[in-house]
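Structure record follows, encoded as C-alpha cells.
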2 protein chains.
Amino acid sequence: MKELIELVDKHLDEYLPVCYPEDIFKAMKYTLMLPGKRLRPVMCLETARILGGDMTNVMPAACAIEMLHVQSLIHDDLPCMDNDDFRRGKPSNHKVFGEANAVLAGDALLTFAPQLIIEKSTGLNPEQILKILHEYTKFAGAYGLIAGQVVDIESEGGKFVKSPEETLDFIHLNKTAVLFRLAVRIGAIAANADEKTIEEFDNFAKKFGLAFQIYDDIMDEISTFEELGKTTGKDKNSGKLTYVSLYGLEEAENKFRNLIKECYGIIEKYHSKVFEEILKKLSDRIGSDK
Amino acid sequence: MKELIELVDKHLDEYLPVCYPEDIFKAMKYTLMLPGKRLRPVMCLETARILGGDMTNVMPAACAIEMLHVQSLIHDDLPCMDNDDFRRGKPSNHKVFGEANAVLAGDALLTFAPQLIIEKSTGLNPEQILKILHEYTKFAGAYGLIAGQVVDIESEGGKFVKSPEETLDFIHLNKTAVLFRLAVRIGAIAANADEKTIEEFDNFAKKFGLAFQIYDDIMDEISTFEELGKTTGKDKNSGKLTYVSLYGLEEAENKFRNLIKECYGIIEKYHSKVFEEILKKLSDRIGSDK
C-alpha cells in the first residue's frame with residue numbers, strides 16, 4: 001500500500017511539469033501534491049493487478065482519476081460552494097492562489113486528466129483507451145460526480161425531489177462512490193476483464209463508496225480539526241442531510257459495518273492485501289463485521 | 001451560413017436532453033441555447049465539407065467545440081473572474097442559477113463535450129476519434145484556452161513575464177484563436193486531411209482569431225450595450241491590455257485589415273461561401289483589404 005502511494009505520488013509529479021504560465025500549473029499541482037491516501041489510483045492499480053493486467057499500463061489513467069478527484073475538491077472548497085478554507089490540513093486552493101485561479105486550476109485538471117490518458121497509455125490499445133475515456137467522461141460529469149454535487153447543494157437548500165433517504169443515497173452514490181467505481185472499472189478494463197467482472201468490482205465500489213461517506217459523516221460528528229485536517233462539525237451546524245443526521249449515530253455505524261462486511265464478501269476471493277488493508281484502515285475506529 | 005447555424009442549434013438541443021437532476025442540465029442549456037453566431041461549429045463543419053469530408057460525421061465534435069466555448073464564457077462571467085452580469089443580451093449564467101451551479105454547469109459542459117464526441121461520432125473510426133479527443137484536451141486546458149485566461153488575469157494585475165506585445169498575442173492566440181484552431185483542425189481530421197492541410201487551416205484560424213479579438217477590442221471601445229448585448233467600455237475603464245490600448249485605434253484597425261487580407265489569401269482557393277461570408281461580416285464595420 002505504502003509503495004503504491006509513493007509510486008502514484010512520483011507519477012503525479014512527473015506527469016505534470018510546471019510550464020509557462022507557471023501560476024496555473026503551480027495551482028494545479030498545489031492541491032494535487034498535498035499528501036493524501038491516493039485511495040482511488042491505488043484501487044485502480046490493484047484492480048488491474050489482481051485481474052492479471054499490467055499496473056504500469058494503467059498508471060496514467062489511475063493518476064487521471066486522482067486529478068479528477070482533486071479538481072472536485074478545489075471547486076468544492078470555493079466560497080460559492082462549501083466555502084472551506086482548509087484541505088488536507090493546508091489552506092485550500094483559492095486561499096493560496098485566489099478564486100479565479102482556483103476555478104481555472106480545476107478546469108485545467110479536468111481536461112488534463114483525459115489528455116494524460118491519451119498521451120501516456122502506451123500499453124493499452126485504442127479501443128481500451130476510448131472505453132476508459134468514455135467511462136471518465138460519463139462519471140466525471142452531469143451523469144455522475146456533478147449530479148451528486150448538484151443534488152447535495154439542492155438538499156442543503158431544503159429542496160427534495162425524492163425522499164430524504166433516496167436523496168442521500170443518490171448524492172453519495174454519485175458524489176462519493178462514483179470515483180471509486182471509476183477507479184475499479186478502469187483498472188478492470190485495462191486488464192481486459194469481462195463485463196461480469198467489471199460489474200462485480202463496480203458493486204464493490206458502490207458499497208465501499210457509501211461506507212466511506214458514512215465514515216466521513218460520522219467523523220465530521222466526532223472528530224477534531226487536528227485529526228481530519230479540515231473544518232469539522234460543519235455538517236451538523238449547517239443542518240446538512242447526512243447519514244448521522246438522518247439515521248442517528250448508532251444506525252449509521254450499523255450501516256457502515258454491514259457495507260464493510262459486504263465489501264469483504266465480494267473481494268476476499270482475490271486475496272488482495274491492498275484491498276484488505278484499505279477496508280481494515282477504514283473500519284479501524286468504528287469497528288467492522290468482517 | 002444561416003442553414004448551418006440552424007443545424008447546429010438543432011443538434012445542440014437534441015444532444016443534451018434535460019434529465020434528473022434538472023437544475024444542472026437547465027443551467028448547461030441556458031447559456032448554450034442563447035442565440036449565437038455558432039462561428040466555431042460552423043467553421044468546423046465547413047472545413048470538413050470543403051476538404052471532402054461528410055459534415056454529419058463531424059457534427060458531434062462541432063457541437064462539442066461550442067460547448068467548450070460556452071463553458072469558458074460561463075466561468076469567465078463569474079464574479080471572481082470578469083464579473084459580467086450579461087451575456088448575449090441576457091443575464092449571465094450565475095445571475096440566473098447562482099454561482100455554485102454556474103461553476104458546476106461549466107464543469108459539466110467540459111466533460112460532456114468529449115463524452116458527446118465518443119458517443120455520437122459513429123461515422124468516424126477510433127483513430128480519428130482519439131485524435132480529435134487529443135486535440136480537444138490539449139486546446140481546452142492549461143496548454144491552450146486556460147493558459148490564455150491565466151495570462152489575461154495576470155496582465156490585468158500588471159504582471160508581465162513577457163513584453164506587453166508578446167503577452168497580448170499570447171493571451172489571444174490562446175484565449176481566442178485556440179477554439180477557431182480547434183474547430184478547423186477537427187474538421188480537417190474528420191475529412192482525413194494530411195498534416196500540411198491541417199497546418200494551413202490552423203494558420204488561417206490563428207490569423208482569424210487575432211482579427212476577431214482585435215475586432216472585439218475595437219467594438220468594446222466604440223459600441224453600445226444595445227449593439228453587443230454585453231457591458232461595453234469595461235476594458236477601457238479597467239485599464240486592461242487590449243489591441244486598442246496598446247496600439248491605438250488606427251493601428252489596431254490596420255492590424256485587423258491586414259489579418260483579414262491574409263485570411264482571404266489562405267482560404268480563397270477553396271471557394272467557400274461560408275468562410276467568405278464569415279470574413280465579410282467580421283469586416284463590415286471596420287472595412288477590409290480583401
Side-chain angles (χ1 to χ4, degrees), chain A residues 16 19-25 27-28 68 71-72 75 78-82 94 98-119 126-127 129-130 133-134 136-151 153-154 159 161-162 170, chain B residues 16 19-25 27-28 68 71-72 75 78-82 94 98-119 126-127 129-130 133-134 136-151 153-154 159 161-162 170:
Chain A
L16 196 62
C19 320
Y20 177 79
E22 293 190 359
D23 284 2
I24 187 69
F25 289 96
M28 290 162 82
L68 172 57
Q71 177 274 330
S72 74
H75 282 187
L78 287 169
C80 68
M81 308 270 276
D82 281 359
H94 64 274
E99 277 183 59
N101 279 329
V103 170
L104 292 172
D107 293 352
L109 284 168
L110 205 49
T111 52
F112 183 68
Q115 181 183 349
L116 175 64
I117 296 172
I118 297 169
E119 290 179 357
E127 283 73 21
I129 296 177
L130 263 184
L133 290 171
H134 192 201
Y136 174 89
T137 55
K138 275 190 300 184
F139 283 69
Y143 304 98
L145 186 58
I146 293 173
Q149 298 265 41
V150 168
V151 178
I153 293 171
E154 284 178 359
K159 185 177 168 185
V161 176
K162 309 180 175 195
F170 181 90
Chain B
L16 196 62
C19 318
Y20 178 79
E22 293 190 359
D23 284 3
I24 186 70
F25 289 96
M28 289 162 83
L68 172 56
Q71 177 274 329
S72 74
H75 281 187
L78 287 169
C80 68
M81 308 271 275
D82 280 359
H94 65 273
E99 277 182 59
N101 279 329
V103 170
L104 292 172
D107 293 353
L109 284 169
L110 205 50
T111 52
F112 184 68
Q115 182 183 350
L116 176 63
I117 295 173
I118 296 168
E119 289 179 359
E127 282 73 22
I129 296 176
L130 263 185
L133 290 170
H134 192 201
Y136 175 89
T137 55
K138 274 191 299 183
F139 283 69
Y143 304 98
L145 187 58
I146 293 173
Q149 299 265 40
V150 169
V151 177
I153 293 170
E154 284 178 359
K159 185 177 168 186
V161 176
K162 308 180 175 194
F170 181 90

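Residue numbering restarts at 1 for every chain, and letters A, B, ... go by the order of the sequence lines.
Of the listed residues B:H94, B:Q71, B:K138, the one with more heavy-atom pairs under 4.5 angstrom with chain A than any other is B:K138. For the set A:D23, A:T137, A:L110, the count of heavy-atom pairs under 4.5 angstrom toward chain B peaks at A:T137. Most heavy-atom pairs under 4.5 Å with chain B: of the set A:A100, A:G106, A:S72, this distinction falls to A:A100. Residue with the most contacts toward chain B among A:L109, A:V150, A:I153, A:L116: A:V150 (heavy-atom pairs, distance under 4.5 Å). The choice from A:I24, A:D107, A:I146 that makes the most heavy-atom pairs within less than 4.5 Å of chain B is A:D107. Ranked by heavy-atom pairs under 4.5 Å with chain B, the list A:Q149, A:E154, A:E22 is led by A:E154.
Considering every non-hydrogen atom in both B:C80 and A:V103, the closest pair reads SG-CG2, 3.9 Å. For the pair A:A140 and B:T111, the tightest heavy-atom approach, listed with the atom from each and the gap, is CB-CG2, 3.8 Å. The minimum heavy-atom distance linking A:A108 with B:A142 is given by the pair CB-CB, 4.0 Å.
In this structure, A:I118 CD1 and B:L130 CG are separated by 6.0 Å, a value rounded to the nearest 0.5 Å.
With a 4.5 Å cut-off on non-hydrogen atoms, B:N101 touches chain A through its side chain but not through its backbone. Only the side chain of B:L78 comes within contact range of chain A, with heavy atoms under 4.5 Å apart. Contact of B:H75 with chain A is made through the side chain alone, with heavy-atom distances under 4.5 Å. Heavy-atom distances place both the backbone and the side chain of B:L133 under 4.5 Å from chain A. In this structure, chain A has heavy atoms under 4.5 Å from both the backbone and the side chain of B:L104.
Inter-residue side-chain proximity for B:Y136 and A:P114 is flagged as unmet; no heavy-atom pair is nearer than 4.5 Å.
Classification of the B:F170-A:Y20 ring pair by plane angle, with boundaries at 30° and 60°, yields perpendicular.
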